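Single-structure report; data block below.
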Amino acid sequence: MVRHFIFLFVVLTLPFWVAQSAVAQDNPNPPFENCVGDTSLPPENIVSSCTTYINEAYMQDWGMQYVPTALYRMALAYQREGKTSQAEKTAIRAAKMAPEYLPPWRLLVVLADNVPESDADMKAIDVMIAANPHSTPVLNSACWERAVRGQQLDAAVADCSEAIRLDPANAQCF
């Protein structure tokens, strides 16, 4: 009777475990754990966790889409530690990996130019475009960021128009 029950249990639950395994293989990126922007955590814990995440991403050949976020979070932690040079280098790495990702550009503007927080977003968008003037994803991101903030709307329209001109087949630009 017990063997019969075990056999039925295995047969009935096997598809579930196979499906769970497939999901794990389709999404190999682990959670960020302490690689977060949480200011209640010690910066050195954030740096350590983000470093571990990035190293694992490279060693395990995961998709790199989350690495710029991890780098940005490391840069913020370095900034909190007073390691401005390290924060800048790390933010530059993040911006190079994902030039359309605004947060590292914003941090670079704050670190380099001592721009007030209220002006940092628009200045960062301008810096991001200046560094990547022919990048459709950058122009599209700039358009979106300006429009969401309701600032520099003429520039937002110009950014969107240029993105469409550069890559008219890219639906993301619309």
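None of the values given here were measured: they were computed from a predicted structure.
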For Gln79 and Val110, what are the C-alpha separation, side-chain angles and deciding distance, and is it a side-chain contact (heavy atoms from CB on, under 4.5 Å)? CA-CA 10 Å; Gln79 180 192 29; Val110 169; 4.2 Å; yes
Are any of the side-chain heavy atoms of [X] and [Y] separated by less than 4.5 Å?
{"X": "Arg146", "Y": "Gln151", "result": "no"}
{"X": "Ser48", "Y": "Thr51", "result": "no"}
{"X": "Arg165", "Y": "Ser161", "result": "no"}
{"X": "Trp144", "Y": "Asn140", "result": "no"}
{"X": "Met122", "Y": "Arg149", "result": "yes"}
{"X": "Leu139", "Y": "Leu166", "result": "yes"}
{"X": "Val157", "Y": "Leu153", "result": "no"}

Rounded at 0.5 Å granularity, tell me how far [atom1] in [X] sits from [atom2] in [Y].
{"X": "Leu111", "Y": "Arg106", "atom1": "CG", "atom2": "CZ", "result": "11.0 Å"}
{"X": "Asp121", "Y": "Trp105", "atom1": "CG", "atom2": "CH2", "result": "15.0 Å"}
{"X": "Cys143", "Y": "Gln152", "atom1": "SG", "atom2": "CD", "result": "12.0 Å"}
{"X": "Met128", "Y": "Lys123", "atom1": "CE", "atom2": "NZ", "result": "13.5 Å"}
{"X": "Tyr53", "Y": "Leu71", "atom1": "OH", "atom2": "CG", "result": "10.5 Å"}

Should [X] and [Y] be counted in the same cluster of Ile, Leu, Val, Met, Phe, Trp and Tyr side chains packed under 4.5 Å apart?
{"X": "Tyr78", "Y": "Tyr72", "value": "no"}
{"X": "Leu107", "Y": "Val109", "value": "no"}
{"X": "Ile125", "Y": "Leu108", "value": "yes"}
{"X": "Tyr58", "Y": "Val47", "value": "yes"}
{"X": "Val67", "Y": "Leu76", "value": "no"}

Looking only at non-hydrogen atoms, find the nearest pair between Ala156 and Ala147 and report the distance.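 What the structure gives for the nearest pair is CB-N, 4.2 Å.
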Taking every non-hydrogen atom, the tightest pair across Met64 and Ala57: CE-O, 3.2 Å
Is Asp38 salt-bridged to Arg73, cutoff N-O under 4.0 Å?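 Here Asp38 does not pair with Arg73 in a salt bridge, since their nearest N and O are not under 4.0 Å apart.
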Taking transitive links into account, so neighbours of neighbours count too, which hydrophobic residues share a cluster with Ile46 at under 4.5 Å side-chain distance?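 Same cluster as Ile46: Val36, Leu41.
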Between side-chain atoms of residues 88-103 and protein atoms elsewhere (two or more places apart, or another chain), which donor-acceptor pairs fall under 3.5 Å?
from	atom 1	to	atom 2	distance (Å)
Thr90	OG1	Gln86	O	2.8

Answer yes or no: does atom CG of Asp154 have more than 12 heavy-atom neighbours from other residues, nucleotides or ligands under 6.0 Å?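 Count not over threshold, so no.
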